[in-house]
Amino acid sequence: MTAPYLGNPKGTIEVLQKYDFVFQKKFGQNFLIDPHVLDKIVNAAGITKDDFVLEIGPGIGTMTQYLAAAAGKVFAVEIDKALIPILGDTLKDFPNVQVINEDILKVDIKKLAEEHNNGKPIKVVANLPYYITTPIIMGLFESGVPVDSITVMVQKEVAERMQVGPGTKDYGALSLAVQYYAEPYIVANVPPNCFMPRPKVGSAVIRLTRHEKPPVEVKDEKLMFRLIRASFNQRRKTLANGLNNSSELSFTKEEIQQTIEACGFPPGVRGEALTLEDFARLANRFAE
Ligand code: SAM
């Protein structure tokens, strides 16, 4: 895509200067300035004119322009009020975009999907503010928002944590939570020079395609996630000790030992060796 699209250093600098914009570090503001990366994100999200897209943190509207060109409707939520007049300018040629000045963590996204997309699944696309990546993604999954897919730029390490399985150092509660709800796929690694200002860390685009139905059957989801958290809170400890020391669980030492044994796990097993299926089995046994 060419002008009037913003996704290049020149277009971005022009807008920043026109409005004397001052970057707010606390909002994780690193704007994309590489058109190839922007194309990659929009293509990976598989957006069509039938789609309602929620963009979190539009910044100066760089990705919003690309999304608006591909989608039926784009709804963008930006926390920094200094960006609102800029967005009014950069998005004036895109009637299918609506911007609100709000903290995404305070928005009722389920209601938003009901009001603007008749409750049909929405696509979420964002170059996320890294300081709240996990609450945003888990919030979208856990609050029952109808979501088709989430395609987001995140810190490279976080993308890896979402995608890996047991036996790697990055495997943890986030991997299991994400994989319970969605199929993760890392689309691209993105170096710091694709942003203005440059972040200190590497980034990656990840697409999370929501499962129609979770890959495991769990009687008590909340219990499974309590077990997962307890297992990874103390990574170096055995599963039995992790569960025993958790303030979220109230099973006796004996119950824990018996349940681990009944699941067929070795007594000294660590949580980091268990798959999602294993955690589901464990939770179902405890639920009994
Ligand atoms: N989408 C733009 C781009 O790709 O160039 C900007 C991405 S920048 C990494 C993150 C954006 O999220 C910033 O515009 C920032 O102000 C906004 N943001 C930060 N925290 C937010 C929150 N809690 N709710 C909504 N927007 C937020």
Side-chain angles (χ1 to χ4, degrees), residues 1 4-16 19 21-42 44-45 47 53-71 74-91 94 97-109 112 123-140 143 145 150-156 158-159 187-188 190-206:
M1 291 186 196
Y5 290 88
L6 283 172
N8 58 71
K10 191 169 164 277
T12 299
I13 289 168
E14 270 171 25
V15 171
L16 297 177
Y19 288 91
F21 179 73
V22 181
F23 284 100
Q24 299 278 342
K25 220 173 163 189
K26 66 173 177 193
F27 291 144
Q29 291 175 340
N30 300 96
F31 299 160
L32 268 167
I33 50 166
D34 187 319
H36 300 295
V37 175
L38 286 152
D39 277 335
K40 236 180 217 172
I41 297 173
V42 177
I47 296 164
V53 175
L54 168 66
E55 186 189 8
I56 298 161
I60 58 169
T62 309
M63 193 155 74
T64 326
Q65 293 185 337
Y66 282 69
L67 294 171
V74 180
F75 195 97
V77 180
E78 174 55 60
I79 198 169
D80 186 353
K81 69 172 185 307
L83 287 166
I84 303 302
I86 303 183
L87 287 163
D89 183 5
T90 59
L91 300 174
F94 299 92
V97 178
Q98 185 174 346
V99 177
I100 60 163
N101 181 206
E102 196 42 276
D103 176 349
I104 189 66
L105 297 178
K106 296 191 181 136
V107 174
D108 184 342
I109 303 172
L112 195 146
K123 287 187 174 161
V124 178
V125 187
N127 169 16
L128 284 181
Y130 294 172
Y131 73 108
I132 43 168
T133 298
T134 306
I136 291 176
I137 292 179
M138 292 323 297
L140 283 164
S143 57
V145 177
I150 303 175
T151 307
V152 279
M153 180 86 71
V154 297
Q155 200 177 320
K156 188 167 177 274
V158 177
V187 175
V190 182
N193 63 3
C194 296
F195 301 87
M196 186 182 292
R198 293 180 183 196
K200 290 201 177 70
V201 292
S203 304
V205 178
I206 190 164

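Whatever order the structure lists ligands and atoms in, that order sets their numbers, starting from 1.
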| said: Main chain of F75, side chain of Q98: is a donor-acceptor contact present, judged purely on distance under 3.5 Å? | reply: no

| field | N30 side chain to P197 backbone, donor-acceptor under 3.5 Å | value | yes

| remark: Protein neighbours of ligand 1 with a heavy atom under 4.0 Å, given by chain and number, are F27, G28, Q29, N30, F31, L32, E55, G57, P58, G59, V77, E78, I79, D80, L83, E102, D103, I104, N127, L128, P129, Y131, I132

| Going by heavy atoms in the side chains, are V42 and L38 under 4.5 Å from each other? | no

| message | Using a 3.5 Å distance criterion without hydrogens, assess whether the side chain of N101 forms a donor-acceptor pair with backbone atoms of E78. | response | yes

| Check: Q24 side chain, K26 main-chain N or O, donor-acceptor pair, under 3.5 Å | no

| query | Is S203 reaching over with its side chain to a backbone N or O of M153, donor-acceptor style, under 3.5 angstrom? | reply | no

